[in-house]
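Below is one structure; the comments refer to it alone.
What you are looking at is a predicted structure, and each value in this text was computed from that prediction instead of being measured. Both counts, for ligands and for their atoms, begin at 1 and track the order of listing.
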Amino acid sequence: MKKRIAIDMDDVLADATGRFIEYAQERLNWHITREDLNGHHNWAGIMPDQESEIRSWLHEDGFFRGMQVMPDAQEVLEKLHDKYEIFIVSAAVEFPLSMKEKVEWMQEYFPFVDWRHLVFCGHKYMFKADYLIDDHERNLIAFCEGQPLVYTAPHNIYLTDYQRINNWREAAMFFEV
Ligand SMILES: [Mg+2]
């Protein structure tokens with residue numbers, strides 16, 4: 001039986017951080033780099049005066065749909081898909097509009113992932129898999145039955161408790177595809 005890998009979307013398959021930087025530049029004329037975001041868990045908290053505006057982007061048409069794909073993610077996920085059972089597990093319910101956009105985004109960039117393998121949820125702890133690739137500690141910490149892998153993003157670079165995957169090339173090496 002194939003081993004099962006649960007894979008997060010934002011900041012794992014999709015460049016959510018890059019999208020935030022793009023919006024910050026366009027909407028607030030705020031020129032921020034990825035390095036500026038190192039160690040920050042809450043984007044909105046970095047600029048307290050703009051917090052409500054920043055939060056509103058997440059509920060705006062097109063915010064999720066316009067995200068770039070992470071480098072090499074398409075090629076590597078297609079290889080993983082042959083060798084493992086893949087589920088895309090996203091805590092998308094917090095942003096209802098994002099669910100439609102995320103389905104369309106997956107169909108455009110990862111058409112080989114069947115819609116039955118997309119899981120939109122709130123918590124992820126009840127999901128059973130052999131591996132979870134995620135950028136958020138709150139998801140990794142609760143994933144007890146399989147191996148949690150932290151996918152590097154600015155907000156998690158100081159996290160040391162998990163095996164780290166820095167990019168999709170490294171994921172390919174880890175999973176030997
Ligand atoms: Mg994420």
Side-chain angles (χ1 to χ4, degrees), residues 4-24 32 34-46 54-55 57-60 62-74 76-77 80 84 86-110 113 117-144 146-171 174-175:
R4 179 180 300 159
I5 311 175
I7 301 173
D8 178 37
M9 284 183 76
D10 293 332
D11 276 328
V12 174
L13 290 178
D15 186 7
T17 295
R19 191 70 166 149
F20 168 69
I21 290 171
E22 193 186 317
Y23 270 56
I32 193 170
R34 284 173 199 267
E35 290 67 37
D36 294 330
L37 297 172
N38 284 350
H40 286 283
H41 289 268
N42 173 15
W43 292 335
I46 303 169
I54 292 170
R55 286 195 190 285
W57 300 342
L58 303 169
H59 297 277
E60 217 177 89
F63 183 80
F64 289 89
R65 189 66 183 85
M67 286 186 191
Q68 303 285 311
V69 184
M70 287 293 201
D72 305 312
Q74 288 162 298
V76 174
L77 195 67
L80 285 176
Y84 296 87
I86 300 297
F87 276 92
I88 309 304
V89 183
S90 175
V93 181
E94 186 179 3
F95 307 108
L97 198 60
S98 79
M99 291 192 273
K100 181 173 182 284
E101 295 192 5
K102 284 180 175 211
V103 172
E104 291 170 359
W105 191 91
M106 284 300 301
Q107 285 168 344
E108 179 176 351
Y109 297 110
F110 299 91
V113 176
H117 287 244
L118 302 182
V119 180
F120 293 150
C121 56
H123 285 302
K124 297 188 183 181
Y125 65 79
M126 72 302 189
F127 196 83
K128 281 193 169 61
D130 297 289
Y131 304 93
L132 170 67
I133 307 176
D134 205 288
D135 60 301
H136 276 296
E137 186 175 20
R138 63 172 178 269
N139 296 322
L140 298 166
I141 206 165
F143 185 69
C144 303
Q147 183 176 357
L149 299 163
V150 61
Y151 193 94
T152 297
H155 59 83
N156 68 34
I157 61 157
Y158 303 120
L159 190 61
T160 54
D161 302 341
Y162 302 95
Q163 177 143 4
R164 184 172 286 280
I165 288 180
N166 286 305
N167 52 56
W168 280 97
R169 288 271 143 244
E170 282 190 19
F174 179 87
F175 289 106

Checklist entry - Tell me, which protein N/O/S atoms are under 2.8 Å away from the Mg ion (ligand 1)? => result Asp8 OD2, Asp10 O, Asp135 OD1

Checklist entry - Does NE2 belonging to His41 count more than 12 external heavy atoms closer than 6.0 Å? => result yes

Checklist entry - Any chance CD of Glu94 has more than 12 other-residue heavy atoms, nucleotides or ligands included, within less than 6.0 Å? => result no

Next on the checklist: Take a 6.0 Å sphere around CD of Gln68 and say whether it holds more than 12 heavy atoms from other residues, nucleotides or ligands.
Outcome noted: no

Item to check | Any side-chain donor near an acceptor of the partner, His136 and Asn156, under 3.5 Å | outcome: no

Checklist entry - salt bridge (Lys or Arg N to Asp or Glu O under 4.0 Å): which pairs involve residues 150-169, sequence neighbours left out? => result Asp72-Arg169, Glu75-Arg169

Next on the checklist: Quick check against the 3.5 Å criterion: does Lys124 have a side-chain atom that pairs as donor or acceptor with the backbone of Ser90?
Outcome noted: no

